[in-house]
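Atom set for the values below is all heavy atoms of this structure, side chains included, hydrogens, waters and symmetry mates excluded. This chain uses plain numbering: 1 for the first residue, then up along the sequence. Read the numbers this way: they start at 1 and go in the same order the structure lists the ligands and their atoms.
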Amino acid sequence: MKVNLRVWRQDGPADRGRLVGYRVDDADEDMSFLELMDVLNEKLILDGGEPVAFDHDCREGICGACSMVINGQPHGPQKATTTCQLHMRHFRDGETITVEPFRASAFPVVKDLVVDRTAFDRVIASGGYVSAPTGAAPEAHATPVPKANADRAFTAAACIGCGACVAACSNGSGSLFLGAKITHLGEMPQGQPERTQRVVRMVAQHDAEGFGGCTNTGECAVACPKEIPLDVISQLNRDYLTATTGGRRTA
Ligand code: FES
């Protein structure tokens, strides 16, 4: 299949950047989108041009590195699918596809499609440690966890920190990511001792990094390749309110 690509090229953070058109004549419908970008880059290199810089690592939907906006949607048009798991059969032969970086003030462009997402790392680090004892794996029933809490913690733990939620949000908010991290630990007994200080520190770091506030548009949950539910933001807000007002925790 043939596709026309309009790819964001930007030499560095100070460059204004622009969309550049390329044609790929030998795409295959079974290729992933990253493999399409590989084909484009091989062609560019053979022609003496500079390959398009883009992030990737696992190519299995695990690491969250493959951050691209494809035809206006973070990770492209397929629901619950990362760019590396997106296949060309979801595009039409002859289609024009626009590829841009995740855009948010907290994710400055490094080059082409690569953005700096270390703000997420700093938000995670600000949460501090969990003071649960470590060592050999404990007996499975040593710490009882209600099924509903375990399920909710697992759902939140599916967040791969890709940043699609931020790219989809008109406010550039990282609230879905933050809510997932807060819920992940807040649902487990091991996450209780530092629960209050963790949410206060992480919200402060989130705001200091330049992420916007949440206005409940819900685009984040739609764009999330791991289908993190919007109500983790409710959990985040409840925990923050409890921590900052000394109120009684309700969930
Ligand atoms: S490259 Fe790891 S999730 Fe896509």
| For Phe33, all residues meeting ring pair (Phe, Tyr, Trp, His ring centres under 6.0 Å), sequence neighbours excluded | Phe91
| task | At a cut-off of 2.8 Å, list the protein N/O/S atoms near atom 4 (Fe) of ligand 1, residue plus atom name. | result | Cys66 SG, Cys84 SG
| Who passes salt bridge (Lys or Arg N to Asp or Glu O under 4.0 Å) against Arg117, sequence neighbours left out? | Asp55
| Between Arg103 and Pro101, is any pair of side-chain heavy atoms under 4.5 Å apart? | yes
| said: With side-chain contact (heavy atoms from CB on, under 4.5 Å) as the criterion, how do Lys79 and Glu227 come out once you've worked through the C-alpha distance, each side chain's angles and the decisive distance to 0.1 Å? | reply: CA-CA 9 Å; Lys79 189 170 165 49; Glu227 300 191 292; 3.2 Å; yes
| request: For the residue pair Thr83 and His75, confirm or rule out a side-chain donor-acceptor distance under 3.5 Å. | output: yes
Determine all donor-acceptor pairs shorter than 3.5 Å in which one atom belongs to a side chain in residues 165-178; sequence neighbours excluded.
residue: Asn171; atom: ND2; partner: Gly213; partner atom: O; Å: 2.9
residue: Asn171; atom: ND2; partner: Thr215; partner atom: OG1; Å: 2.8
residue: Ser173; atom: OG; partner: Ser175; partner atom: N; Å: 3.1
residue: Ser173; atom: OG; partner: Ser175; partner atom: OG; Å: 2.8
residue: Ser173; atom: OG; partner: Gly212; partner atom: O; Å: 3.0

